[in-house]
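Computed from a predicted structure; not experimentally measured.
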Amino acid sequence: MPRPMKGRRVCKMPNVNKFGPLNVPKNPDEAIIMTVDEYETIRLIDLEGYKQEDCAKQMNVARTTVQGIYIEARKKIADSIVNGKILLIQGGEYKLCDEVNHNGEGACHGFRRQNCHRKKQDTSL
């Protein structure tokens with residue numbers, strides 16, 4: 001019996017979920033589907049500069065899992081760019097993180113650009 005899949009933690013859904021060539025009508029059946037968890041690895045590693053190990057901690061999965069997700073995501077991006085296919089971001093096995101976890105700390109470590117991480121208030125005054 002296979003082990004149940006962990007819910008891959010994602011900080012925020014993409015603002016835009018459809019990309020593709022301009023001025024070229026394309027068959028929607030040829031669209032490439034990138035899952036939300038694949039999008040999250042691209043965001044964390046390529047945009048935020050996380051190492052795979054840090055990305056894995058953020059997403060609550062093993063580093064080897066992140067590596068596999070990342071490789072698939074990069075292949076999909078390359079296929080879209082090189083072959084002029086529409087890229088859609090949707091679906092996948094993930095759960096959106098809460099802004100604050102049970103300890104009162106920000107659950108989305110490092111995603112400060114979108115105000116997902118809340119700072120602890122200094123009460124020592």
S.K.: Check whether any side-chain heavy atom of Asp46 sits under 4.5 Å from a side-chain heavy atom of Tyr70, and report yes or no.
M.R.: yes

S.K.: Considering non-hydrogen atoms only, spot the tightest contact between Glu72 and Glu38 and give its length.
M.R.: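 Smallest interatomic distance, heavy atoms only, reads CB-OE2, 3.6 Å.
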
S.K.: Among Ile89, Ile77, Leu47, which one satisfies side chain to side chain contact (heavy atoms under 4.5 Å, CB included) with Ile42?
M.R.: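 So the option named by the test is Ile77.
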
S.K.: Donor-acceptor pair, distance only, cut-off 3.5 Å: does the side chain of Arg43 make one with the backbone of Glu48?
M.R.: no

S.K.: Could you measure the distance from the CG atom of Leu44 to the CG atom of Asp54? Nearest 0.5 Å is fine.
M.R.: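 Going from CG on Leu44 over to CG on Asp54, the span is 9.5 Å.
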
S.K.: Determine whether more than 12 heavy atoms belonging to other residues, nucleotides or ligands lie under 6.0 Å from atom CD of Gln90.
M.R.: yes

S.K.: Would you call Arg8-Glu40 a salt bridge at under 4.0 Å N-O?
M.R.: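 Result for this pair is no, no salt bridge flagged.
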
S.K.: To the closest 0.5 Å, what do you measure between NZ (Lys12) and CG (Leu96)?
M.R.: 10.5 Å

S.K.: Once side chain to side chain donor-acceptor pair (under 3.5 Å) is applied, do any residues pair with Asn17, and if so which ones, sequence neighbours excluded?
M.R.: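 Partners of Asn17 by the side chain to side chain donor-acceptor pair (under 3.5 Å) criterion come out as none, since no residue qualifies.
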
S.K.: Taking the side chain from Lys76 and the backbone from Ile33, do they hold a donor-acceptor pair closer than 3.5 Å?
M.R.: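 Yes; at least one donor-acceptor contact below 3.5 Å.
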
S.K.: Where do Gly91 and Asp37 come nearest, in terms of heavy atoms and distance?
M.R.: O-OD1, 4.4 Å

S.K.: So, for Met34 and Ala73, which heavy atoms are closest and what is the spacing to 0.1 Å?
M.R.: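 Here Met34 and Ala73 meet closest at CE-O, 3.5 Å.
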
S.K.: Nearest 0.5 angstrom please: Gln58 CD to Ile45 CD1, how far?
M.R.: 11.5 Å

S.K.: Rounded to the nearest 0.5 Å, what's the gap from SG on Cys55 to CD on Glu53? Could you check?
M.R.: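 Cys55 atom SG to Glu53 atom CD measures 11.0 Å (nearest 0.5 Å).
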
S.K.: Hydrophobic clustering (ILVMFWY, side-chain heavy atoms < 4.5 Å, transitive) - are Ile81 and Tyr39 grouped together?
M.R.: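 Cluster IDs for Tyr39 and Ile81 match.
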
S.K.: Got a second to check how far Gln52's CD is from Met59's CE, nearest 0.5 Å?
M.R.: 11.5 Å

S.K.: Over all heavy atoms of both residues, which pair between Val66 and Ala56 is shortest? Give the atoms and the distance, please.
M.R.: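 In this case the closest contact between Val66 and Ala56 is CG2-CA, 3.4 Å.
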
S.K.: Would you say Val16 and Val36 are hydrophobically clustered, going by side-chain heavy atoms of ILVMFWY under 4.5 Å?
M.R.: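 Per the 4.5 Å side-chain linkage, Val16 and Val36 are co-clustered.
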
S.K.: Would you name the heavy atoms of Leu87 and Ser80 that are closest together and state the gap between them?
M.R.: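 Scanning both residues, the minimum pair turns out to be CB-OG, 3.7 Å.
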
